[in-house]
Amino acid sequence: MKELLAAAALLAAFSQPAAAQDAHHAGGHHDKGAQQAGADASGVIRRGEPVGDSERVALADVLKEPRKYAGRTVRVEGVVNRVCQKEGCWVEISPDGDDGVGAVRVTFDHKFSVPKDAGRMKFRAEGVFSLKTLSKEHVEHLVKDDGAKIRTNPDGTADEVSFLATGVELWK
């Protein structure tokens, strides 16, 4: 019995940092050390809610007809082009890692973050697409502070197809 209690205590001691990390990300705080950890035994980094079984859509199809997918909960896959270098609070993904084909900025509503070195990783997420116009100030912030690459309108605003993810998976 003593051995069983000791094993349970040891297991609890080792599982606590992972639980603390999940709570940390759920609270929206960003810590570089916590961001780098978290790959499971298969090498997949998971953040947010588990990716569910909602309809899977091709990112290329969304980029062709964004209004068709706006407001729907879907699953999408792609390759990470860029990551917010300030907090890891967004990624830009494209169908094959070539942002010349078209890209979508994925945000997490500051509920979790991803590793800042996740560029070129494969990406799967569940969430909702939207179409929005970013203010000139927001565009300048994203480009200057976070390293985003955004095509702007003549007035400095930008029309964006974005994706609010509730959960993501990243892998090499």
Side-chain angles (χ1 to χ4, degrees), residues 21-22 25-28 30 34-136 138-139 141-143 145-153 157-172:
Q21 179 181 331
D22 289 344
H25 286 294
H30 305 288
Q35 289 178 352
Q36 301 305 316
D40 64 18
S42 65
V44 177
I45 298 170
R46 300 173 201 280
R47 296 289 193 263
E49 299 294 321
V51 174
D53 61 356
S54 59
E55 176 189 6
R56 183 179 181 271
V57 299
L59 189 54
D61 291 345
V62 174
L63 291 168
K64 286 178 194 170
E65 297 182 87
R67 282 181 175 47
K68 179 178 176 181
Y69 298 95
R72 291 175 37 195
T73 299
V74 296
R75 283 181 300 142
V76 68
E77 293 185 10
V79 177
V80 176
N81 297 333
R82 289 180 187 74
V83 180
C84 169
Q85 290 301 296
K86 189 171 184 181
E87 299 180 344
C89 61
W90 58 261
V91 296
E92 177 188 275
I93 63 168
S94 62
D96 59 6
D98 177 8
D99 61 358
V101 173
V104 172
R105 192 165 58 90
V106 179
T107 60
F108 318 119
D109 208 16
H110 288 280
K111 293 182 178 172
F112 56 92
S113 61
V114 299
K116 292 189 245 178
D117 61 357
R120 311 309 307 159
M121 292 183 89
K122 293 181 181 173
F123 179 90
R124 178 181 303 121
E126 185 170 47
V128 178
F129 279 102
S130 65
L131 304 168
K132 55 186 164 183
T133 300
L134 304 177
S135 70
K136 180 179 178 180
H138 193 168
V139 169
H141 162 73
L142 291 171
V143 171
D145 296 342
D146 297 339
K149 186 175 172 183
I150 299 175
R151 193 171 298 155
T152 59
N153 298 321
T157 63
D159 297 320
E160 179 181 65
V161 176
S162 63
F163 188 76
L164 177 58
T166 54
V168 302
E169 298 172 347
L170 299 150
W171 67 97
K172 298 239 179 219

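The model shown is predicted, which means the values in this text are computed figures rather than measured ones.
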Next item on the list: With rounding to the nearest 0.5 Å, note down the distance linking CG in Asp159 to CZ in Arg151.
Entry: 11.5 Å
Next item on the list: Report, as yes or no, whether the 6.0 Å neighbourhood of atom CG on Asp53 holds more than 12 heavy atoms from other residues, nucleotides or ligands.
Entry: no
Under 3.5 Å donor-acceptor pairs involving side-chain atoms of residues 56-70, not counting sequence neighbours:
{"from": "Arg56", "atom 1": "NH2", "to": "Glu77", "atom 2": "OE1", "distance (Å)": "3.4"}

Notebook entry, point to check: Considering all heavy atoms of both residues, which atom of Ser113 and which atom of Glu87 are nearest to each other, and what is their separation?
Noted result: CB-O, 3.5 Å
Check: Are any non-hydrogen side-chain atoms of Trp90 and Leu142 less than 4.5 angstrom apart?
Finding: yes
Next item on the list: Look up atom CZ in Phe112 and atom CZ in Arg46, then write down how far apart they are to the nearest 0.5 Å.
Entry: 13.0 Å
Checklist line | Expected output: side-chain Thr166 to main-chain Glu126 donor-acceptor under 3.5 Å | finding: yes
Checklist line | Side-chain donor/acceptor of Glu55 to backbone N/O of Thr73, under 3.5 Å | finding: no
Check: Taking atom CD of Glu92 and atom CD of Glu160, what is their separation to the nearest 0.5 Å?
Finding: 9.0 Å
Check: Between Val168 and Ala125, what is the shortest heavy-atom contact and its length?
Finding: CG1-CB, 3.8 Å
Item checked: Partners passing ring-ring contact (aromatic ring centres under 6.0 Å, His included) against Phe123 (at least two apart in sequence or in another chain) -> none
Check: Taking all atoms of both residues into account, what is the closest heavy-atom pair of Leu170 and Pro115, and its distance?
Finding: CD1-CD, 4.1 Å
Margin query: Counting C-beta onward and ignoring hydrogens, is there a side-chain heavy-atom pair between Leu164 and Asp109 closer than 4.5 Å?
Written below: yes
Notebook entry, point to check: Can Phe129 and Val104 be said to form a side-chain contact (heavy atoms from CB on, under 4.5 Å), step by step?
Noted result: CA-CA 9 Å; Phe129 279 102; Val104 172; 4.0 Å; yes
Checklist line | Atom pair CZ (Phe163) and OG1 (Thr107), whose distance is rounded to the nearest 0.5 Å | finding: 9.5 Å
Check: Which distance, rounded to the nearest 0.5 Å, do you find between the NZ of Lys86 and the NZ of Lys116?
Finding: 10.0 Å
Notebook entry, point to check: Can you name the nearest heavy-atom pair linking Ile150 to Ala158, along with the distance?
Noted result: CG2-CB, 3.5 Å
Item checked: Non-hydrogen atoms of Val83 and Gly88 that approach each other most closely -> CG1-CA, 4.1 Å
Next item on the list: Kindly indicate whether the side chain of Asn81, heavy atoms from C-beta on, has any atom under 4.5 Å from the side chain of Arg120.
Entry: yes
Notebook entry, point to check: Do Met121 and Val91 come close enough that some side-chain heavy atom pair is under 4.5 Å?
Noted result: no
